[in-house]
Amino acid sequence: MARGARAVSDTYRRIYDVVRRIPRGRVATYGQVAALAGLPRQARLVGYAMHAMPNGTALPWHRVINAQGRVSARSGGSGGSVTQRVLLEGEGVRFDAAGRVSLARQGWQPNKRGQRAPHAAR
DNA sequence: ATGCTGACTATGT
DNA sequence: TACATAGCCAGCA
């Protein structure tokens with residue numbers, strides 16, 4: 001590969017690859033995905049990559065949230081953010097009264113064994 | 001080539 | 001906790 005017309009740039013390709021390895025029932029932040037993709041400080045690019053996602057791309061984009069543990073609002077104004085929250089809840093992700101997720105508890109932690117949060121996890 | 005925009009983050013007030 | 005500002009990079013007109 002690495003030749004001819006590619007639907008997406010290698011940069012986006014890396015981002016999608018990272019998002020794809022996010023385990024179910026876990027959430028990752030844009031900055032985290034960017035870092036794992038080899039793009040530190042490019043959290044914005046991650047968000048933009050999600051928006052530029054080709055139609056038909058099957059990946060857990062709903063498991064990507066911002067550093068505040070909240071679902072970022074996307075352009076279009078639709079209830080896309082709501083759909084994302086519903087999908088996460090369907091995987092067992094818990095939202096607090098403020099509509100935020102405990103990254104310390106549900107956050108995806110690669111390198112860690114079992115991805116199990118410290119204490120009080122469940 | 002230039003300038004603006006955008007599913008962000010960190011820091012300060 | 002909420003709002004404002006600065007820094008980042010890629011895609012598009």
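Protein chains get the first letters and strands the later ones, always in sequence-line order, with residue 1 at the start of each.
- Put simply, chain A comes within 4.0 Å of DNA chain B, heavy atom to any atom, from dG6(B) to dA10(B), going 5' to 3'.
- One atom, CZ of Arg41(A), and another, P of dA6(C), lie 19 Å apart when rounded to the nearest Å.
- Atoms OH (Tyr30(A)) and C1' (dC8(C)) sit 16 Å apart, rounded to a whole Å.
- Judged as a side-chain contact (heavy atoms from CB on, under 4.5 Å), and not counting sequence neighbours, the contacts of Thr57(A) are Arg20(A), Met53(A), Pro54(A), Leu59(A).
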Validation: residues 93-103 of chain A side-chain donor-acceptor distances under 3.5 Å, sequence neighbours left out:
{"unit_1": "Asp96(A)", "atom_1": "OD1", "unit_2": "Ala98(A)", "atom_2": "N", "d": "3.0"}
{"unit_1": "Asp96(A)", "atom_1": "OD1", "unit_2": "Gly99(A)", "atom_2": "N", "d": "2.9"}
{"unit_1": "Asp96(A)", "atom_1": "OD1", "unit_2": "Arg100(A)", "atom_2": "N", "d": "2.6"}

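- With sequence neighbours excluded, the residues forming a side-chain contact (heavy atoms from CB on, under 4.5 Å) with Ala37(A) are Arg14(A), Ile15(A), Val18(A), Leu39(A), listed by chain and number.
- Heavy atoms only, all atoms of each residue included: Ser81(A) and Ser72(A) are closest at CB-O, 4.2 Å.
- Within 4.0 Å (heavy atoms only), Ala73(A) reaches sugar-phosphate atoms of the nucleic acid but no base atom.
- Nearest-nucleotide positions on DNA chain C for Tyr48(A) and Arg100(A) put Arg100(A) closer to the 5' end.
- For residues 46-64 of chain A, every residue pair satisfying the salt bridge (charged side-chain N to carboxylate O under 4.0 Å, His left out) rule, not counting sequence neighbours, is listed here: Arg63(A)-Glu91(A).
- Under the side-chain hydrogen bond (donor to acceptor under 3.5 Å, both in side chains) criterion, Gln32(A) pairs with no residue, sequence neighbours left out.
- Regarding Gln68(A), its CD atom lies at a distance of 10 Å from the P atom of dT1(C), rounded to whole Å.
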